[in-house]
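What you see is a predicted model; the values in this text were computed from it and never measured. Lettering of chains follows the sequences in order, A, B, ..., and the numbering in each one begins at 1.
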2 protein chains.
Amino acid sequence: MPTPADDCARSVLDAVPLVMREIRAEMRSHRGLDLSVPQFRALAFLRRRPAASLSDLAAHIGTSLPSMSKLVNGLVGRGLVERDTSAADRRRLTLRLTREGTSLLQAARAETQTHLSRSLGRLSPEEQAVVTRALGILSSLFGQEGRT
Amino acid sequence: MPTPADDCARSVLDAVPLVMREIRAEMRSHRGLDLSVPQFRALAFLRRRPAASLSDLAAHIGTSLPSMSKLVNGLVGRGLVERDTSAADRRRLTLRLTREGTSLLQAARAETQTHLSRSLGRLSPEEQAVVTRALGILSSLFGQEGRT
DNA sequence: TATTGTTATACTCTATAACTATA
DNA sequence: TATAGTTATAGAGTATAACAATA
């Protein structure tokens, strides 16, 4: 007999990959903005935590240091992030959004959110409220930091 | 001013990547079972739709034919899927889970669901109900087929 | 010695374009 | 001509292991 938590797990397992695919396709589709989900999340984190180190970023995004090193490398290459060695501890990096990074993040977020909003607009207000609440719950449950 | 749909979109954008990461890490972590999320979803689809073609599979998973071709190739190589040309139309493939594929799918699902259940068990029954309902709503909204 | 980050290596996922085989 | 799949190519995300530089 499945417990309520089992049913819940099943619905998470069914729905999350579907929604993720939607988000990914949407983010990829904007010419010029064109960010992967991890890139988007990294930029969002750096906006919240200017001067974060690579380790901070990797920990909060939940990925390995080498992965994050490569990802950041790409963002630096695109001029979206500035990478300096910390004066206090020269092993550490100091990561910051550039002006371009900031504005691209904002534009990408607006586009993606607008698109998602349009889809979610097909739900009733009550359904929207349920979804908002549920995903807030999941964010606190699984999030190292929550708020993007 | 953000509308309720905007708030909803924001919460989706925040939470879904987090949960996805959890699911991915969990699925990858079982030695022997070791499936990626797309592999898992492909196996699940083939259990529901035996004798599906590659195009069916790609459409329902929501990916390109070449991607799915490679993915299936890997599954065939691991002995999880049987790939035959259809007698009726020899351009089409007939895909089926092997016995190993069926049992591995079941084991992987059980493991992942158990792990997720344990996490979700930290929520109140009311919160679990909200999450279950919300993700059902999102499945119907974004799903080509829903049920995994 | 321990910590921070990079490089090397190896997979998977993903897409587009070009191709083959069949209808 | 159109459809089903594969191959070629390329880029991103991911991880582990080995390394360099700094503390």
Show me the side-chain donor-acceptor pairs of residues 61-70 of chain B shorter than 3.5 Å, one per line, residues at least two apart or across chains.
| unit_1 | atom_1 | unit_2 | atom_2 | d |
| --- | --- | --- | --- | --- |
| Ser64(B) | OG | Ser67(B) | N | 3.3 |
| Ser64(B) | OG | Ser67(B) | OG | 2.8 |

Can you tell me if Ser103(A) uses its side chain to pair, donor with acceptor, with the backbone of Glu100(A) under 3.5 Å? yes

Would you mind reporting whether Arg41(A) and Pro17(B) have side-chain heavy atoms less than 4.5 Å apart? yes

Within the 4.5 Å heavy-atom criterion, are Asp6(A) and Thr3(A) side-chain neighbours or not? yes

When you match Leu71(B) and Arg90(B) each to their closest nucleotide on DNA chain C, which lands nearer the 5' end? Leu71(B)

Take the protein atom [atom1] of [X] and the nucleotide atom [atom2] of [N], then report the distance between them rounded to whole Å.
X	N	atom1	atom2	result
Ile61(B)	dT12(C)	CD1	C1'	15 Å
Arg24(A)	dA15(C)	CZ	C1'	12 Å
Asp34(A)	dT14(C)	CG	C1'	12 Å

Return the OG to CZ distance between Ser86(B) and Arg90(B), rounded to the nearest 0.5 Å. 10.0 Å

Heavy-atom contact window of chain A on DNA chain D, given 5' to 3' at under 4.0 Å: dA12(D) to dA23(D)

Suppose we screen for side-chain hydrogen bond (donor to acceptor under 3.5 Å, both in side chains). Which residues come up paired with Arg78(A), at least two apart in sequence or across chains? none

Below 4.0 Å: OP1/OP2 of dA15(C) and any side-chain N or O of Ser67(B): yes

Just to confirm, is there a sub-4.0 Å distance from OP1 or OP2 of dT16(C) to any side-chain nitrogen or oxygen of Ser64(B)? no

Which pairs with one or both residues in residues 54-68 of chain B pass salt bridge (charged side-chain N to carboxylate O under 4.0 Å, His left out), sequence neighbours excluded? none

What is the per-nucleotide protein-contact pattern of nucleotides 1-10 of chain C, from the 5' end, where B denotes a base atom under 4.0 Å from a protein heavy atom, S denotes such proximity for sugar-phosphate atoms only, and - denotes neither? -BBSBBB---

Note: for Gln39(A) and Ala88(A) on DNA chain D, the residue whose nearest nucleotide lies more 5' is Gln39(A)

Identify, with sequence neighbours excluded, every residue that meets side chain to side chain contact (heavy atoms under 4.5 Å, CB included) alongside Glu82(A). Asp84(A), Arg96(A), Thr98(A)

